[in-house]
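Just below is one structure, and these are the notes that go with it.
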There are 2 protein chains.
Amino acid sequence: MHVKTMPADDRQAPEGCRFCVIRQSGICSALTGEEVTRLSRIAHHRQYKAGQTILSCDDKPDFFAAVSSGVVKVSKLLLDGRQQIVGLLFPPDFLGRVFSRQIPYFAEAATHVELCCFRHADFERMLKDHSEMSQHLLEHSLDKLDTAHDWMVLLGRKTAEERVASLLYLLVTRSKLALVHDHGASRDTGFELHLKREEMADFLGLTYETVIRQLKALYKKDIICLNGRREFSVPDLAALAKAAG
Amino acid sequence: MHVKTMPADDRQAPEGCRFCVIRQSGICSALTGEEVTRLSRIAHHRQYKAGQTILSCDDKPDFFAAVSSGVVKVSKLLLDGRQQIVGLLFPPDFLGRVFSRQIPYFAEAATHVELCCFRHADFERMLKDHSEMSQHLLEHSLDKLDTAHDWMVLLGRKTAEERVASLLYLLVTRSKLALVHDHGASRDTGFELHLKREEMADFLGLTYETVIRQLKALYKKDIICLNGRREFSVPDLAALAKAAG
DNA sequence: CGTTCGCTTGAGCCTTTTCAACCACTGTGG
DNA sequence: CCACAGTGGTTGAAAAGGCTCAAGCGAACG
């Protein structure tokens, strides 16, 4: 019997692509069905458990990827161990760097993560042939730059309470967005806090004790409800937005 | 006599382009001579005095530009007036946003500034035809994203002294880079502080009093020399780098 | 059942901010 | 020529926001 030794790649067949978040609004949203078929042939999937390192600083990964599910934590380290999370990647964000091997940050799975990966050479060839695709990538990068700028305002100028409120606001809006494609994230009861307190602190430029106290302050002001340690809900989104500055 | 009513645009003729910083390492570095000629026909120059506003938040400028000389200050404002500078643009950085009209920040001339501008439609057409150019733009955006990430580490995790040292280090390295193309910037005696104390503070997420105190602290540690109020020099760059964390 | 991990709380401390005063320099108008 | 206001820079003292340190709690896990 001819056993078909299909590589793992094959899960990313055109049929699978059709319902993929990335296909709908990510890097391959600009492609025709036929082009996606071509792309899918050079794609392969990877999975990571929560907490697992995806990329280490100064790694030279041979792949470029789009996040198809889960949340990826992107962080930088100072020599003495101080850490700053510089971004969270939600589907259909991309991870890695085109036209350059080196990567100057850490990437870690914050939740269970699924990536749709492409070998650099393949992907770059694809980019050259499809200007819509490289345009999409450029626009996405510029959006990322804007959100980085917003975060710089937070880190440079906001108070601890505003920072925590801003993070919650971010999670709400991003989760809502994800709901359009995905199910889950918020099961109507509330929103998930994908990060533990220490990670929130590293994202907000605070200590985890301060995060805890400000979370409590927001709770006391009835701006949020805390349902357990990893879930919260928001009675009045406008109030949260206002608290976020 | 047929008076040639050359528009101001014409200053950006191919001959002018040849020695332009942008031509050498900026947006048009990927083009052939002929292509630059085409580009130059759709370009026009603008000048701004120090302190002049180039773009206001939520403006919808009809142009996209590359900085050909001077320093541009990019900043964001909170409703109550708190300000955060999110970046400095040196030649040959670009200013504006392709494929989108709206701009979510302020841009102000920190020094005398010269821009090489393109109308959106023209430039985007050019981009579509020249994949090397849009690749260059993508790489540049990704570099900007990296530097934004580095700045987030500064804002989130560094001490006041480290922040000030980091800014000085940035100015030294960027000015040195500019020296390769440009003259000036450092007249051998030292480096120019393009920003006043308050602007440094807004860039570093500090108050201007703190900036002054940390500048003095670095001076007392012999890490920098202060030559007047807008100039400094660095006896040992490695020491400065170390102080920057 | 003890250990570990993540989370919470309190007390005191320290870095940075706030507030206020003052100086140096520049340009303006009488 | 001088008085004057305006701008940018500097300094000190007091206040405060967030950090450090230390202790304790509950849930998960081997």
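Per chain, numbering begins at 1; letters A, B, ... match sequence-line order.
Of the two residues contacting DNA chain C, namely E161(B) and Y208(A), the nearest-nucleotide position lying further toward the 5' end is that of Y208(A).
Put simply, CZ on R229(A) is 8 Å from C1' on dA27(D), counting in whole angstrom units. For K158(B) and dT15(C), the NZ to C1' distance is 18 Å, given to the nearest whole Å. Atom CG in L226(A) sits roughly 7 Å away from atom P in dT8(C) (whole-Å rounding). The distance between atom CZ of F232(A) and atom P of dC7(C), rounded to the nearest whole Å, is 14 Å. What separates CD of E198(A) from C1' of dC19(D) is a distance of 14 Å, to the nearest Å. Residue I212(A) contributes atom CD1, which lies 14 Å from atom C1' of dG18(D) at whole-angstrom precision. Whole-Å rounding puts the Q214(B) CD to dT15(C) P distance at 10 Å. Going from atom CZ of R82(B) over to atom P of dT17(C) covers 13 Å, rounded to whole Å.
Residue G228(A) is out of contact with every strand shown, counting any heavy-atom pair closer than 4.0 Å. Nucleic acid contact for R230(A): sugar-phosphate only, since backbone atoms but no base atoms lie under 4.0 Å from a heavy atom of the residue.
At a cut-off of 3.5 angstrom, counting only N and O atoms as typed in the model, there is a donor on one side and an acceptor on the other between the side-chain of R213(B) and the base of dG12(D). Under 3.5 Å, the side chain of R157(A) and the base of dT17(C) form no donor-acceptor pair of N or O atoms. Between the base of dC21(D) and the side chain of E209(A) there is a donor-acceptor pair shorter than 3.5 Å.
With hydrogens and angles disregarded, no donor-acceptor distance shorter than 3.5 Å links the side chain of T111(A) to the backbone of G70(A).
One distance of note links CG of L95(B) with CZ of F63(B); it measures 6.5 Å at 0.5 Å rounding.
The K196(A) side chain lies nearest to dG6(C) when the options are dG6(C), dG8(D), dT11(D).
In this structure, T207(B) does not reach the dT16(C) phosphate: none of its side-chain N or O atoms is under 4.0 Å from OP1 or OP2. Distances shown here put a side-chain N or O of K216(A) below 4.0 Å from the OP1 or OP2 atom of dT9(C).
V74(B) is not listed as a side-chain neighbour of L88(B), based on a closest heavy-atom distance of 4.5 Å or more.
Pairing each heavy atom of L170(A) with each of T173(A), the nearest pair is O-OG1, 3.0 Å.
Residues R97(A) and D143(B) are paired through a salt bridge, judged by an N-O separation under 4.0 Å between the basic side chain and the carboxylate.
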